[in-house]
Amino acid sequence: AVRDLQAHYDSLPRPTKLDSRTSAYCQARARLPLADLQKINRHLGQTMEKESSTPLGGLAWGQPLRLVDGTALTMPDTAKNQAAYPQPSFQKKGCGFPQLRVLGLFSLDSGALLASAHGAMSADENPLFRQLWPQLQAGDIVAGDRHFCNYGNVAGLKIQQVESLFRLHSKRNASFRQGQPLGKNDRLVTWAKPVYRPKGLSPEAWQAFPDQVTVRLVRFRVPTAHGRTKKLSWPPRCWIPSSGRWSDWPKSLAGTGRSN
């Protein structure tokens, strides 16, 4: 930022010499309130969404496409950071850095970061994901990896009239001998409501969840290296509330799995 400002002043008819040191800029940036930075981020995301002209929205029947994914960050080794975001437990005390888990909600139309949630590395991504649910609107489609493919997310998003696209979790039964067949490697299955309430959900919210949810499951194979194939389970179709029909998912979204 300092270099850009210097280049701007150097391009003027009467250039003004600026101090090349970045200390003052860094100190001023550190004083910016976090709430203001988050407000700026939301404004930028909303502006990018309005001006986006990419065709992805059209490939999903005009419904907004959202992507949820997480990552980890290393933080400065201060006592305050260690207390709030401790280093991994397998590391010796004093031999590691505080680590922060961050979950982002992105727009696949514009690539903008719409919202984020964070916690310690020991925190699971699913409770962080549920913190982002208020940012979703009815009719949105959310895509994510298989870690998010569970009853709590699928049913909770369905209550908000939000569609979900997740690859089937490895612990989920991928048997195609159960449920209602709709075609080859294509059927409807039922997931029952678990006995235990997921972390991050209040008893009142959990009580509002249905006793079961219907999920469409599709299996297909994709080529991998060395001429081998990999079997994936996901639904390439979804229920379109506006038209009252099942429709094919865009092939450009292949490689992920979806539950509705």
Side-chain angles (χ1 to χ4, degrees), residues 1-54 56-57 64-137 140 142-145 147-148 153 199-200:
V2 174
R3 297 292 180 265
D4 290 342
L5 191 61
Q6 288 176 328
H8 169 71
Y9 275 95
D10 288 342
S11 66
L12 298 178
R14 295 182 179 180
T16 301
K17 187 175 181 180
L18 300 179
D19 193 334
S20 61
R21 291 173 293 185
T22 60
S23 175
Y25 168 78
C26 293
Q27 292 179 45
R29 184 178 61 180
R31 289 194 296 269
L32 287 173
L34 178 60
D36 288 351
L37 294 176
Q38 292 172 332
K39 184 177 180 181
I40 292 171
N41 176 77
R42 287 193 296 270
H43 174 74
L44 289 175
Q46 293 169 0
T47 303
M48 291 175 66
E49 279 288 271
K50 292 178 181 178
E51 299 181 358
S52 174
S53 58
T54 56
L56 273 175
L65 287 164
R66 308 299 184 216
L67 174 68
V68 59
D69 202 6
T71 187
L73 303 174
T74 300
M75 307 177 68
D77 191 14
T78 64
K80 186 176 180 180
N81 285 342
Q82 282 284 10
Y85 311 104
Q87 66 187 57
S89 57
F90 60 82
Q91 292 180 333
K92 263 189 176 182
K93 188 176 180 180
C95 295
F97 288 86
Q99 292 194 353
L100 177 75
R101 186 184 295 280
V102 182
L103 198 71
L105 183 67
F106 301 88
S107 165
L108 281 180
D109 288 322
S110 65
L113 174 64
L114 304 177
S116 63
H118 65 273
M121 274 297 294
S122 57
D124 185 72
E125 288 185 350
N126 282 294
L128 295 179
F129 178 37
R130 284 188 278 274
Q131 293 180 27
L132 301 178
W133 286 4
Q135 307 301 323
L136 297 169
Q137 305 294 325
D140 284 356
V142 183
D145 58 42
H147 183 71
F148 300 102
N153 290 335
K199 293 181 179 179

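Throughout, numbering of the chain's residues begins at 1 and tracks the sequence.
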Heavy-atom side-chain contact between [X] and [Y] under 4.5 Å:
X: Val142; Y: Phe129; result: yes
X: Leu108; Y: Arg66; result: no
X: Asp77; Y: Pro98; result: yes

- So how far is it from Met121 CE to Met75 CE, rounded to the nearest 0.5 Å?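 Reported to 0.5 Å precision, the distance equals 12.5 Å.
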- Query: What distance separates Leu132 CG from Ser116 OG, expressed to the nearest 0.5 Å?
  - Reply: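 So the CG of Leu132 and the OG of Ser116 are separated by 7.5 Å.
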- Task: Decide side-chain contact (heavy atoms from CB on, under 4.5 Å) for Phe106 and Val68; before the verdict, give the C-alpha distance in whole Å, the side-chain angles of both, and the deciding distance to 0.1 Å.
- Result: CA-CA 6 Å; Phe106 301 88; Val68 59; over 6 Å; no
- Name all pairs fulfilling the side-chain hydrogen bond (donor to acceptor under 3.5 Å, both in side chains) condition that reach into residues 126-136, sequence neighbours left out, sorted by first residue then second.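 Sorted result for residues 126-136: Asp124-Asn126, Asn126-His147, Asn126-Asn150, Asn126-Asn153, Arg130-Asn153.
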- Message: Once side-chain hydrogen bond (donor to acceptor under 3.5 Å, both in side chains) is applied, what residue pairs with a partner in residues 32-42 remain, sequence neighbours excluded?
- Response: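 Every candidate side-chain hydrogen bond (donor to acceptor under 3.5 Å, both in side chains) pair involving residues 32-42 fails, so no pair, neighbours aside, qualifies.
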What closest approach, in Å, do [X] and [Y] show between heavy atoms, and which atom pair accounts for it?
X: Leu65; Y: Asp109; result: N-OD2, 4.0 Å
X: Leu136; Y: Leu105; result: CD2-CD2, 3.8 Å
X: Ala120; Y: Arg101; result: O-CB, 3.7 Å

- Task: Look at the side chain of Ser107 and the backbone N and O of Ser110, then say whether any donor-acceptor pair between them is shorter than 3.5 Å.
- Result: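 Flag set: sc Ser107 to bb Ser110 pair under 3.5 Å.
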- Mind running side-chain contact (heavy atoms from CB on, under 4.5 Å) on Tyr85 and His118 for me, showing each step along the way? CA-CA 10 Å; Tyr85 311 104; His118 65 273; 3.4 Å; yes
- Message: Assess, by modelled atom type and distance only, whether the side chains of Ser23 and Gln27 contain a donor and an acceptor separated by less than 3.5 Å.
- Response: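 Ser23 vs Gln27: donor-acceptor pair found between side chains.
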- Query: Does the side chain of Gln99 come under 3.5 Å of the side chain of Gln87 through a donor N or O and an acceptor N or O?
  - Reply: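 Absent: no donor and acceptor within the cut-off.
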- Message: Once salt bridge (charged side-chain N to carboxylate O under 4.0 Å, His left out) is applied, do any residues pair with Arg3, and if so which ones, sequence neighbours excluded?
- Response: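 Testing Arg3 for salt bridge (charged side-chain N to carboxylate O under 4.0 Å, His left out), a comparison that skips the adjacent residues, returns none.
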- Query: Given the rule in the side-chain contact (heavy atoms from CB on, under 4.5 Å) test, do Phe148 and Glu125 qualify, once you have shown the distances and angles that lead to the verdict?
  - Reply: CA-CA 8 Å; Phe148 300 102; Glu125 288 185 350; 3.5 Å; yes
